[in-house]
Amino acid sequence: MGLWLAARSGAALLLFVLGLANAGCSYAPVNELKLFRESVVATNAAATPVLDEVSATEKRQERTIVTNQERRSRTILAFDPAQARYFSDISDGPAATVFRRGHHVLDRLSDVLLSLATGRNSADEVDAIGSLATESGALLNVIGVGVAVGPAFDTLRPALTELSKDLGRTEARRVIAQVEAAHLVKNLVTALVSATPKMFVTLTGEAERRANSAGAPAEAMAQLLDRSTKVRVVLSNYVVLLRQTSDAWDEAVRAAEAKSSSANFGALTERVAEVKAAALATRMAFANLNTPR
């Protein structure tokens, strides 16, 4: 309870300061973008250990397959560069790489938009938005969503660059409108949510194989059931956080379109505290994931 109150108090102070900064200038939904930024940061922090686990697990599973093939054939398999991500100790596994890139794009996008809304380094941020749009399009094509958002941002960049010379904040609304028109946030969040069944299979696969192997002890099934229950909680919390991030983005869009705050100050402060509490719950559920029954 103390942590929740502290988070709410800190969020209230920061939103108040940002609200003062917003007063008297061309309107930009600073408070809503701050909520979006806080949601992304909290979700990414909670997702990091989950993606670490996904990466380690997918690597271990592929390595086990190769080891078993070599044992059965009593032959050392040739090195396959295509499997490098599974055997390298300096990078994520293939699936975790894609998921982590999605979170990175959300992180940079939320940071850049907040910088635009507060008038910091506007020209640089306009270029960053264009780069993020291109990266997002490539990422979504890999995941399978298949959208081309980069060209749309290329046509917008000259106008945004001109606007940014005055360090005004109307360009933040323009970028928000373009991001929304490309469904960039929605597509990224949807892609990450859609990946959770694959994460579930990855994170429970080893326990399932042990439980279903010939001569498996009775406790192996109990361990599988315990593991699946814990993974289900972790991934459910993760999905809730992602959807909260999407909701926070929707609030920023509504505020930008209306040129006024989409919610009162107290409601936004409450939302920030809720996001932080949900992120803490997700991290606690993950910490319990590998704890023996």
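Keep in mind that what you see is a predicted model, and the values were worked out from it rather than measured.
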Short question: side chain of Glu58, backbone of Ala96 - any donor-acceptor pair under 3.5 Å? yes
Nearest heavy-atom neighbours spanning Glu32 and Ala252: CB-CA, 3.6 Å
Backbone N/O of Arg210 and side chain of Ser213: donor-acceptor pair under 3.5 Å: yes
Membership question, hydrophobic clusters at under 4.5 Å side-chain separation (ILVMFWY): are Val193 and Phe200 in the same one? yes
Could you pull out the closest heavy-atom pair between Thr282 and Val234, with the gap in Å? CG2-O, 4.2 Å
Could you walk me through whether Glu38 and Lys34 pass the salt bridge (charged side-chain N to carboxylate O under 4.0 Å, His left out) test, one step at a time? CA-CA 6 Å; Glu38 290 281 359; Lys34 176 59 185 175; 2.9 Å; yes
Ser55 side-chain N/O to Gly93 backbone N/O, donor-acceptor pair under 3.5 Å: yes
Testing Gln61, Arg60, Arg227 one by one against Glu206 for a side-chain hydrogen bond (donor to acceptor under 3.5 Å, both in side chains), which residue passes? Arg60
Distance (rounded to the nearest 0.5 Å) between Leu188 CG and Leu106 CG: 5.0 Å
Criterion side chain to side chain contact (heavy atoms under 4.5 Å, CB included) on Leu114 and Phe36, from CA distance to verdict: CA-CA 9 Å; Leu114 187 56; Phe36 177 54; over 6 Å; no
Taking atom CD of Glu274 and atom CG of Asp247, what is their separation to the nearest 0.5 Å? 10.5 Å
Give a yes or no on whether a salt bridge exists between Asp226 and Lys230, defined as a side-chain N under 4.0 angstrom from a carboxylate O. yes
Thr245 (side chain) donor-acceptor with Leu241 (main chain) under 3.5 angstrom: yes
Applying side-chain contact (heavy atoms from CB on, under 4.5 Å), name anything that partners Pro49, two or more places apart in sequence or on another chain. Phe286
Once side-chain contact (heavy atoms from CB on, under 4.5 Å) is applied, do any residues pair with Ala42, and if so which ones, sequence neighbours excluded? Val275, Ala279
Under the rule for side-chain contact (heavy atoms from CB on, under 4.5 Å), what residues qualify as partners of Gln83, not counting sequence neighbours? Glu62, Val66, Asp80, Tyr86, Phe87
Residues two or more places apart in sequence or in another chain: which of them pass side chain to side chain donor-acceptor pair (under 3.5 Å) with Arg85? Thr97
Does a salt bridge link Arg100 with Asp52, judged by any charged N lying under 4.0 Å from a carboxylate O? yes
Please find the pair of heavy atoms, one from Asp89 and one from Lys59, that lie closest to each other, and give the distance. CA-NZ, 4.3 Å
Main chain of His103, side chain of Asn44: is a donor-acceptor contact present, judged purely on distance under 3.5 Å? yes
Could I get the full list of side-chain contact (heavy atoms from CB on, under 4.5 Å) partners for Ser88, not counting sequence neighbours? Ile90, Ser91
Using modelled atom types and a 3.5 Å cut-off, is there a donor and acceptor pairing between side-chain atoms of Arg37 and backbone atoms of Asp107? yes
Hydrophobic cluster of Met221, others only, ordered by chain and residue number, side-chain cut-off 4.5 Å: Leu224, Leu225
Group every Ile, Leu, Val, Met, Phe, Trp and Tyr by side-chain heavy-atom contacts under 4.5 Å, then state whether Val189 and Val239 land in the same group. yes
